[in-house]
Number of protein chains: 2
Amino acid sequence: MESSPAIETTTPSARQQAVLDAVLGLMVEAGDQLTMDAVARRASCSKETLYKWFRDRDGLLTATVQWQASRVRAGRYEARALDVATLSESLRDFATTWLEVISSSASIALNRIAIGDAGSRKSNLGSIVLANGRFAIGDRLKPLLEAGRAAGLLAFDDSETAFRTFFGLVGRDVQIRLLLGDAIDFDAAEIRRDAASAVEQFLALYGQPQS
Amino acid sequence: MESSPAIETTTPSARQQAVLDAVLGLMVEAGDQLTMDAVARRASCSKETLYKWFRDRDGLLTATVQWQASRVRAGRYEARALDVATLSESLRDFATTWLEVISSSASIALNRIAIGDAGSRKSNLGSIVLANGRFAIGDRLKPLLEAGRAAGLLAFDDSETAFRTFFGLVGRDVQIRLLLGDAIDFDAAEIRRDAASAVEQFLALYGQPQS
DNA sequence: GCCGTACCGTACCGTACGGTTCGGCTCATA
DNA sequence: TATGAGCCGAACCGTACGGTACGGTACGGC
């Protein structure tokens, strides 16, 4: 269960970024009719250019996924002097950010595309999304969990297992419901509430009683 | 957050079931090239028959989803005399069954299809899958939870919230990883282990101390 | 002023696929 | 043995879409 590194590639030029944003916009508004024609029209560029820059449709999608991933990287969580308050605060931030990401229309659209072609063995959008989503989050959260353990605030054997529990408590059924088209009303307040109660539950399971 | 009833329709004839099984097989083996031609070839029937029986491609997919759902309905969990042992045993059964379902290749393929066209507003495979998956499970688990509460074994205000926690603890990152093409080795022993520890955690959060 | 480069817009090609039509086979009923 | 319903297999149609080709324009370097 090694963590895949979040793939990094040469950043696209400004014009190319505009194209990728057009793709994202199109995904969100009409995920089905994501045709090369539509992209070219929306981005005011020619299909020839699309093919020159991104090789083929798959390359365009891959670049889009990576482009979106590159700007989701949220703030880091430095292991400052940890007490139970700052730890749970950091965990809440983490949970909140994660819930905001997975409930954003861009993420939903992107995951739909990636899941769709994970069924066809060609291309590997799925693994890219996984590497930049689930596994990137794990890589960023585990140091915090381990710092919490080092500070005597948490108790667990395997940080991977602890992380997966955290993931489940935070995400619950949200992502699958959104992906399947369920319209959950999920405003910022609701997200904060859910994040807080998930952290509370996580600490109930893994927290070390402070003597 | 009303629970949608699991849609029930007239059961297909034996021949029709064979066709639907062909669709399922095709989904699993090559989810992308799920064409009407391929289905007809695999089921040794004519496209004319497909269109007569199922109206159009969408009707065929809908019937397939419902057909698959109809045979997933696992055993019921009668509220026998509840003590903590039988309750946690029932919960373990539940979790095990659920994990087996979501990790089965049929379920993965089906969810991929449903998610794929949840992006296009036409058709509502997504809601059908939700109704027969996530919500059907909820409807079947909640009575058990409430029986546990009535017996003084569990403590919670809202059975929906308690269920969603259970869902998260059991499923964690499994479904999204499988949908995105991650190859988790998930044998029966692993599933039982995961189910058991999820139930243990759930009881740690919601269990009522037995005096 | 001339040329090469990069790009836009559009027309075009090939193919795949949803859906329709039709000829022919089988079989049950009369 | 005639008839018709039900179905198979194959040919067919229209369209949508990925990918290519090409004419035209703007611009920087010589």
Any residue meeting salt bridge (Lys or Arg N to Asp or Glu O under 4.0 Å) with A/Asp117, in chain and number order, not counting sequence neighbours: none
Please write out the pairs of protein N or O atoms and N or O atoms of nucleotides 24-27 of chain D separated by less than 3.5 Å, giving the distance to one decimal.
none

For [Y], does its backbone N or O pair with a side-chain atom of [X] as donor and acceptor, under 3.5 Å?
X	Y	result
A/Thr97	A/Asp93	yes
B/Arg57	B/Met36	no
A/Thr64	A/Leu60	yes

Checking side-chain polar atoms at under 3.5 Å, does B/Thr49 have a donor or acceptor matched by the opposite partner on B/Ser46? yes
Indicate for each nucleotide in nucleotides 9-21 of chain C, in 5' to 3' sequence, whether protein heavy atoms under 4.0 Å reach the base (B), only the sugar-phosphate (S), or nothing (-). B-------SSBBB
Could you tell me if the side chain of A/Leu125 sits less than 4.5 Å from the side chain of A/Ile115, heavy atoms only? no
Side-chain heavy atoms of B/Leu141 within contact of B/Trp98, under 4.5 Å: no
